Protein chains: 2
Amino acid sequence: MLVRISTNEMKENLEDIIQSIYLLPQQVLEDVLGHFQYLEYPKNYFLLKSGKPCKHLWFMITGAVRYFYTNDQGKEMNTWFSLDEQILTDTTSFVKQEPAQESIQLLEESEMYSIEYAALQALLQKHHPFALWYIKLVESHYVSQIEDRIADLQFLDAKERYQKILSKYPNITNRVSLGNIASYLNITQETLSRIRAGKL
Amino acid sequence: MLVRISTNEMKENLEDIIQSIYLLPQQVLEDVLGHFQYLEYPKNYFLLKSGKPCKHLWFMITGAVRYFYTNDQGKEMNTWFSLDEQILTDTTSFVKQEPAQESIQLLEESEMYSIEYAALQALLQKHHPFALWYIKLVESHYVSQIEDRIADLQFLDAKERYQKILSKYPNITNRVSLGNIASYLNITQETLSRIRAGKL
DNA sequence: GAATGCTTTTGACGTAGAACAAAAAGGGAT
DNA sequence: ATCCCTTTTTGTTCTACGTCAAAAGCATTC
């Protein structure tokens, strides 16, 4: 499923998000916006399958996705959730254009804008302000989120990590199954069920 | 301790490292090199203390450092080691210029080049190619390393993580104490000692 | 509303690694 | 060599969480 909407309607949402990262001159902004596409995808759709290079950077407007690895025993292990207004990509695969080790799957029907790797690279070369914009994006999106996550994994136990994701996404339990959350927390669903029941 | 060496001597090492990230036009390169400083610090020196904003990006030439948090109980917990030719900074603190949550301490006498945050920002605004250079730096240094680390923490047990750091830094056991490595692996030194002895 | 298939909960038991304690093994200095 | 101080190893006990198994809850569909 893929729906295009009018350029005007599209611009409003996306423009705000882009300008909130780093203000671009009007002329650069126009050029940039022209390279984004509006898309709607159904529940369970794969934005990215492991083994393929990640060719897009997505700006999700509404929806929910999970990132996951498949381990040697074939078990899927969630590494991340993003709900609603978030920037999505497999950073490692995207920046190197190498096969991704993880997959990105929708947990709900979702709407988003996307830009292709090649278009992004061309814009970086063409517009100095866009390069500065992208630096801000990488710094704020990739880096800060990810470093937080390391500290969590290293210092918090299962219960604390559960509380933390609940405070980040208070309604996550209504949108993501217990099994998926347990996988993200790297505990079994039985253990998460007991944490939830207050037995741990 | 702080030693300045001649501009010529300095340039050679640093220039290679910089150009290996992304090739800069000669004129931009000169401007950039002029903003780096050569430094030597003694063992146990703190490049960064938690609570202070991280004002520098360091290019270590030789030496060894640990990154660590201090938890609520006052226990120091290592999050990372860098040995020899590595780029060092507390990314989160550096990009936001906010107080750092972690500290960076030398484990050996070390030599490095550094550039200040303000100088870096000015160069990014001034030179489009330097902005492209910095994007490469962030993508390769910050992002790839960090994402690997998450996968390790999430999917590998203590023994596997130990083997992995050994394969990254084969001689790490000669340069970093067992206690420091155990803290990085998030296990006790007793457990690491047993892993080393093959009893686990 | 019975049947079918997911998701979540509960129970019993096993285990990796923590915590605590104490012994052993290395270095330097004198 | 001897003393002192740090680092590493060994032994014992304890606990959070995993594993396996089964039951309960909740939707869909016929």
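What you are looking at is a predicted structure, and each value in this text was computed from that prediction instead of being measured. Scope of the values below: all heavy atoms of this structure, side chains included, with no hydrogens, waters or symmetry mates.
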(request) Kindly point out which of D:dG11, C:dT8, C:dT10 is positioned nearest to the side chain of A:Leu178? (result) C:dT8
(message) In whole Å, I'd like the distance from the CZ atom of A:Arg161 to the P atom of D:dA16.
(response) 15 Å
(request) Round to the nearest Å and state the distance from B:Leu107 atom CG to D:dT7 atom P. (result) 12 Å
(request) Mind listing the closest non-hydrogen atom pair of A:Asn78 and A:Arg66 along with its distance? (result) ND2-NH1, 2.8 Å
(request) Figure out the CD1/C1' separation between A:Ile187 and D:dT15, and round it to whole Å. (result) 16 Å
(request) Provide, to the nearest angstrom, the distance between the CG atom belonging to A:Asn174 and the C1' atom belonging to C:dT7. (result) 15 Å
(request) Please report, rounded to the nearest Å, how far the P atom of C:dT9 is from the CZ atom of A:Arg196. (result) 6 Å
(message) Just to be sure I understand the rule, does B:Asn186 reach a base, reach only the sugar-phosphate, or reach nothing, if contact means heavy atoms closer than 4.0 Å?
(response) sugar-phosphate
(request) Could you tell me whether the phosphate oxygens of D:dT9, OP1 or OP2, come under 4.0 Å of any side-chain nitrogen or oxygen in B:Ser193? (result) yes
(request) To the nearest Å, give me how far apart CG (A:Asn180) and P (C:dC6) are. (result) 15 Å
(message) I'd like to know if A:Asp90 pairs up with A:Lys55 as an ion pair, taking the criterion as any Lys NZ or Arg NE/NH1/NH2 lying under 4.0 Å from an Asp or Glu carboxylate oxygen.
(response) no
(message) If we ignore hydrogens and angles and just use 3.5 Å, is the side chain of A:Thr89 paired with the main-chain N or O of A:His56 as donor and acceptor?
(response) yes
(request) Identify which nucleotide among C:dT8, C:dA18, D:dC17 has an atom closest to any side-chain atom of A:Gln189, counting heavy atoms from C-beta outward. (result) C:dT8
(request) Supply the atom-to-atom distance B:His35 NE2 to B:Glu116 CD, rounded to the nearest 0.5 angstrom. (result) 10.0 Å
(message) Below the 4.0 Å mark, does D:dC17 have OP1 or OP2 next to a side-chain nitrogen or oxygen of A:Thr188?
(response) no
(message) Using whole Å, what does the distance between atom P of nucleotide C:dA12 and atom CZ of A:Arg194 come to?
(response) 11 Å
(request) Using heavy atoms to find the nearest nucleotide of DNA chain D for A:Ala158 and B:Gly179 separately, return the residue whose nucleotide is more 5′. (result) B:Gly179
(request) Measure from OH on A:Tyr162 to C1' on C:dT8 and round the result to the nearest Å. (result) 12 Å
(request) Determine whether any donor atom in the side chain of A:Glu190 lies under 3.5 Å from an acceptor atom in the base of D:dC17, or the reverse, and answer yes or no. (result) no
(request) Examine C:dT7: is either OP1 or OP2 under 4.0 Å from a nitrogen or oxygen in the side chain of A:Ser177? Give yes or no. (result) no
(request) State the CD1-OH distance between A:Ile87 and A:Tyr113, to the nearest 0.5 angstrom. (result) 14.0 Å
